[in-house]
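Since the structure comes first, as structure tokens, the remarks are kept for the end.
Read the numbers this way: they start at 1 and go in the same order the structure lists the ligands and their atoms.
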Amino acid sequence: MYFPQYRPRRLRASETIRRMVRETTLSPDNFIYPMFVTHGKGVRKEISSMPGNYQQSIDNLVKDCEEVHGLGIPAVILFGIPEHKDELGTEAYSDQGIVQHAIKAIKNKLPDLLVITDVCMCEYTSHGHCGVIKNGHVQNDATLELLAKEALSHAKAGADMVAPSDMMDGRVGAIREALDDSGFADTPIMAYAAKYASGFYGPFREAAESTPQFGDRRSYQMDPANGREALREVELDIEEGADIVMVKPALSYLDIISRVKQEFDMPVAAYNVSGEYSMVKAAAMLGWIDGERVMMEILTSIRRAGADMILTYHAKEAAKLLNK
Ligand code: PBG
């Protein structure tokens, strides 16, 4: 059926009819809100390149979590800013670490808010890399032990889910084994499965104070030019026990989200990363785009590509609009 019999505009004539034929839904249920926790009391320091996002001490973090929960957002993901950094990132797996304390405080006040933790070394190491360094290189297998310890200490503190973001080979299997051996067989793993070496992480590194002090992350994070490799990475993580697989970043990688969704029968997460957020905020501040409209369009496009859940700094703002 072609024009003039078929007129696609008929089904676009009013908001009511558009609502009826809409293929993609967006709800606060789809969001995971990333948060940065730091030592101290009464701290709420805005991240200059990510307006509306903060480094917060636990007291303020918990208050913010109450708002998140009240908006109907089911989950947060925590990033820690340690008091001291060292070669082996010891605060990452210390039971007295900042994230471990934050998990307890949140779960104590808001047992229904799902607390996910980012499992990685880069925020905790003095060199800012995601693993152990020897002779100037990130050591894969030595790092696995530390990641397993970190994930386990998060689970012991009460984390509902752990999310390894380091991109070492074999880390999902190592973490799964460590959790299972210690009575945490029911703790799910959300794997940053296809994580690219991306310039879009720039603002996050200010937020988490995790910029590598030498070199870059290209020896462990993926080459932005590769698509087939992403499917192999996802397959490996599923084989090793991942419950949810993530593609990161989201916007320049919508094709990867779509391929992963088609290829694997698994829940798919996408990380709408810091640089993607900052670009929208900056352009909106200059009056060059309608920030709210672009935000909703971006989040919808990530869902349309196939993401079941979206980690996004827009979560609170978008939830407020959706709840109206
Ligand atoms: C830690 C980690 C990073 C992000 C999430 N976990 C930074 C990186 O890999 O350099 C980026 C998140 C964002 O940009 O919003 N490895």
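Taking a 6.0 Å sphere around CZ of Arg228, one finds it holds 12 or fewer heavy atoms contributed by other residues, nucleotides or ligands.
Closest of all the heavy-atom pairs between Leu152 and Ala178 is CD1-O, 4.0 Å. In terms of heavy atoms, Ile256 sits closest to Ala230 at CG2-CB, 3.7 Å.
Contacts between Asp166 and ligand 1 below 4.0 angstrom, taking non-hydrogen atoms only, are absent altogether.
Scanning the protein heavy atoms around atom 9 (O) of ligand 1, the nearest turns out to be Lys195 NZ, 2.7 Å. Of the protein's heavy atoms, Tyr313 OH, 2.6 Å lies nearest to atom 15 (O) of ligand 1. Ser274 OG, 2.7 Å is the protein heavy atom nearest to atom 14 (O) of ligand 1.
For atom 10 (O) of ligand 1, the nearest non-hydrogen atom from the set Glu206, Glu123, Met246, Arg205 comes from Arg205. Across Tyr220, Phe79, Tyr277, Phe204, heavy-atom proximity to atom 13 (C) of ligand 1 is greatest for Phe204.
Between Tyr196 and Tyr253, the ring center distance clears the sub-6.0 Å criterion.
Atoms of ligand 1 found under 4.0 Å from any heavy atom of Cys122 (numbered from 1 in listed order, with element): 1 (C), 16 (N). Within ligand 1, counting atoms from 1 as listed, the ones closer than 4.0 Å to a heavy atom of Ser165 are 1 (C), 2 (C), 6 (N), 16 (N). In summary, the atoms of ligand 1 found under 4.0 Å from a heavy atom of Lys248, numbered by their order in the structure, are 2 (C), 3 (C), 4 (C), 5 (C), 6 (N), 11 (C), 12 (C). Residue Tyr271 approaches ligand 1 through these ligand atoms, each under 4.0 Å from one of its heavy atoms: 12 (C), 15 (O). Atom numbering of ligand 1 starts at 1 in the shown order; those under 4.0 Å from a heavy atom of Arg217 are 8 (C), 9 (O), 10 (O).
When each of Glu317, Glu276, Glu292 is checked for a salt bridge (charged side-chain N to carboxylate O under 4.0 Å, His left out) with Lys281, only Glu317 meets the rule.
The pair Lys316-Glu67 counts as a salt bridge, with a side-chain nitrogen and a carboxylate oxygen less than 4.0 angstrom apart.
Residue contacts with ligand 1 include Gln221, since one of its heavy atoms falls under 4.0 Å from the ligand.
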